[in-house]
K.L.:
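Before I ask anything, let me first share the structure, which is written out below as structure tokens.
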2 protein chains.
Amino acid sequence: MRLSTKGRYAVTAMLDLALHSEDGPVTLADISAKQGISLSYLEQLFALLRAKQLVRGVRGPGGGYYLGRPADEISIADIICAVDEWVEFTRCSGKEDCRDGERCLTHSLWNELSERIYRFLTDISLADMVERDEVREVAGKQEDDLVEPPRKASGRAA
Amino acid sequence: MRLSTKGRYAVTAMLDLALHSEDGPVTLADISAKQGISLSYLEQLFALLRAKQLVRGVRGPGGGYYLGRPADEISIADIICAVDEWVEFTRCSGKEDCRDGERCLTHSLWNELSERIYRFLTDISLADMVERDEVREVAGKQEDDLVEPPRKASGRAA
DNA sequence: TCAAATACCAAGTAAAGCACTCGGTATTTA
DNA sequence: TAAATACCGAGTGCTTTACTTGGTATTTGA
């Protein structure tokens, strides 16, 4: 997997759609201005999103983009996969026969980790994020009840 | 943040240390052979890990690397941050004053998401992964009791 | 009917990062 | 003293990122 600024651009742009497409489609020019990224680059990202049917374009003046399906049916993982391409995780995962068994041990561990990350991102929908923001606006900065620290491990590295 | 093969190399290498450094230090030549990545590239990764004191090198014949601290005090986030550099998440996070407030809305949402991902990775230590693997070896492929699907959002994209 | 606004498309580009090579130096063990 | 290791820096080909340029297709509305 890859989780970088490209995915961030896509996610924030999709959030924009989720927040504003009630009063008509949102133009890329709008998003470009708001987020400060190039229009053509956005077009390229949206071409990828459209290919996965995460957005729907409307041409002509007054046109723009809508979400391709309801916001609660689009996960963060969907978006990131669409633009970043979900690259292979391990070199030997499944198919390739690992010689010494040793090698596959750490690989299977990493495999499990990435599976957990994937599931984590799959379980967060655009609707979740919008809703969460609205809740916060009303109730005022409620603390993190969704992720409670389950166990040990160190703090942020220097 | 960035979550790619470079981070994977570092994590699997650290897992190797966690698993094998009881009988002496682990050499990079070993890891290089096992994981099939270049020795010099490993050296560069370990230079970064060493800078963050996640590993400790021992020179001379019979030398190699130990973990810099106990495995339960090293999180996956620590490792990935060390090699991948935790790049800025939002352009305006905190310091830069966002003009219309609009822009900062999606930014704060993304900010929260990335914070959750970070916490998620922080909460998994090397010891957790090793322990989990041992448990699985003994008890035989126990299912995912650590991550239960909390709510909606769609499945894996085509 | 025509100009403007939008989506859509393809090619190219500079800079950065990735994974690697090469050629060393420093330190420790046997 | 030779070998094995960590440690170090410069350079290289490739891919990706973020962007630019220059279009075409479609729809609105004046």
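Residue numbering restarts at 1 for every chain, and letters A, B, ... go by the order of the sequence lines. Computed over heavy atoms, backbone and side chain alike; hydrogens, waters and symmetry mates excluded.
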K.L.:
Atom NE2 in H20(B), atom CG in L15(B): separation rounded to 0.5 Å?
P.N.:
10.5 Å
K.L.:
Taking CZ from R50(B) and C1' from dC7(D), how many angstroms apart are they, rounded to a whole number?
P.N.:
7 Å
K.L.:
Let me know the distance between CZ of F46(B) and C1' of dG9(D), rounded to the nearest Å.
P.N.:
19 Å
K.L.:
Would you say R8(B) places a side-chain N or O within less than 4.0 Å of OP1 or OP2 belonging to dC18(C)?
P.N.:
no
K.L.:
Ignoring hydrogens and angles, are the base of dC9(C) and the side chain of Q44(A) linked by a donor-acceptor pair under 3.5 Å?
P.N.:
no
K.L.:
What is the distance, rounded to the nearest whole Å, between atom CD of E43(A) and atom P of dA10(C)?
P.N.:
12 Å
K.L.:
In whole angstroms, how far is the P atom of dT15(D) from the NZ atom of K6(B)?
P.N.:
18 Å
K.L.:
As an exercise, state the distance from CD1 of I74(B) to CE of M129(B), rounded to the nearest 0.5 Å.
P.N.:
13.5 Å
K.L.:
Atom OH of Y65(A) and atom P of dT27(D): how far apart are they, to the nearest Å?
P.N.:
14 Å
K.L.:
Between atom CD1 in I37(B) and atom C1' in dT21(C), what is the gap in whole Å?
P.N.:
15 Å
K.L.:
Can you give me the N/O atom pairs linking the protein to nucleotides 25-30 of chain C at distances under 3.5 Å, or say none if there are none?
P.N.:
| unit_1 | atom_1 | unit_2 | atom_2 | d |
| --- | --- | --- | --- | --- |
| dT27(C) | O4' | R59(B) | NH1 | 2.9 |

K.L.:
Atom CD1 of I80(B) and atom OH of Y118(B): how far apart are they, to the nearest 0.5 Å?
P.N.:
10.5 Å
K.L.:
Any idea which of dA18(D), dA6(D), dA7(C) is nearest the T27(A) side chain?
P.N.:
dA7(C)
K.L.:
Atom CG in L126(A), atom CD1 in I76(A): separation rounded to 0.5 Å?
P.N.:
5.0 Å
K.L.:
L39(B) has an atom CG; how far is it from atom P of dC22(C), in whole Å?
P.N.:
12 Å
K.L.:
Among dC18(C), dC19(D), dT17(D), which nucleotide has an atom closest to any side-chain atom of S38(A)?
P.N.:
dC19(D)
K.L.:
In Å and rounded to the nearest 0.5 Å, what is the CG to CG distance from L67(A) to D16(A)?
P.N.:
10.0 Å
K.L.:
Would you list the atom pairs, donor with acceptor, under 3.5 Å between side chains in residues 37-48 of chain A and any protein atom, with sequence neighbours excluded?
P.N.:
| unit_1 | atom_1 | unit_2 | atom_2 | d |
| --- | --- | --- | --- | --- |
| S38(A) | OG | S40(A) | N | 3.4 |
| S38(A) | OG | Y41(A) | N | 2.9 |

K.L.:
Nearest 0.5 Å, please: how far is CD1 in I79(B) from CE in M14(B)?
P.N.:
4.5 Å
K.L.:
Among the candidates dA18(D), dA6(D), dA19(C), find the nucleotide nearest to the side-chain atoms of L28(B).
P.N.:
dA6(D)
K.L.:
Please give, in whole Å, the distance from dC7(D) C1' to L49(B) CG?
P.N.:
14 Å
K.L.:
Please classify the nucleic acid contact of S40(A) as base, sugar-phosphate, or nothing, using heavy-atom distances under 4.0 Å.
P.N.:
base
K.L.:
Any side-chain N or O of Y41(A) below 4.0 angstrom from OP1/OP2 of dA18(D)?
P.N.:
yes
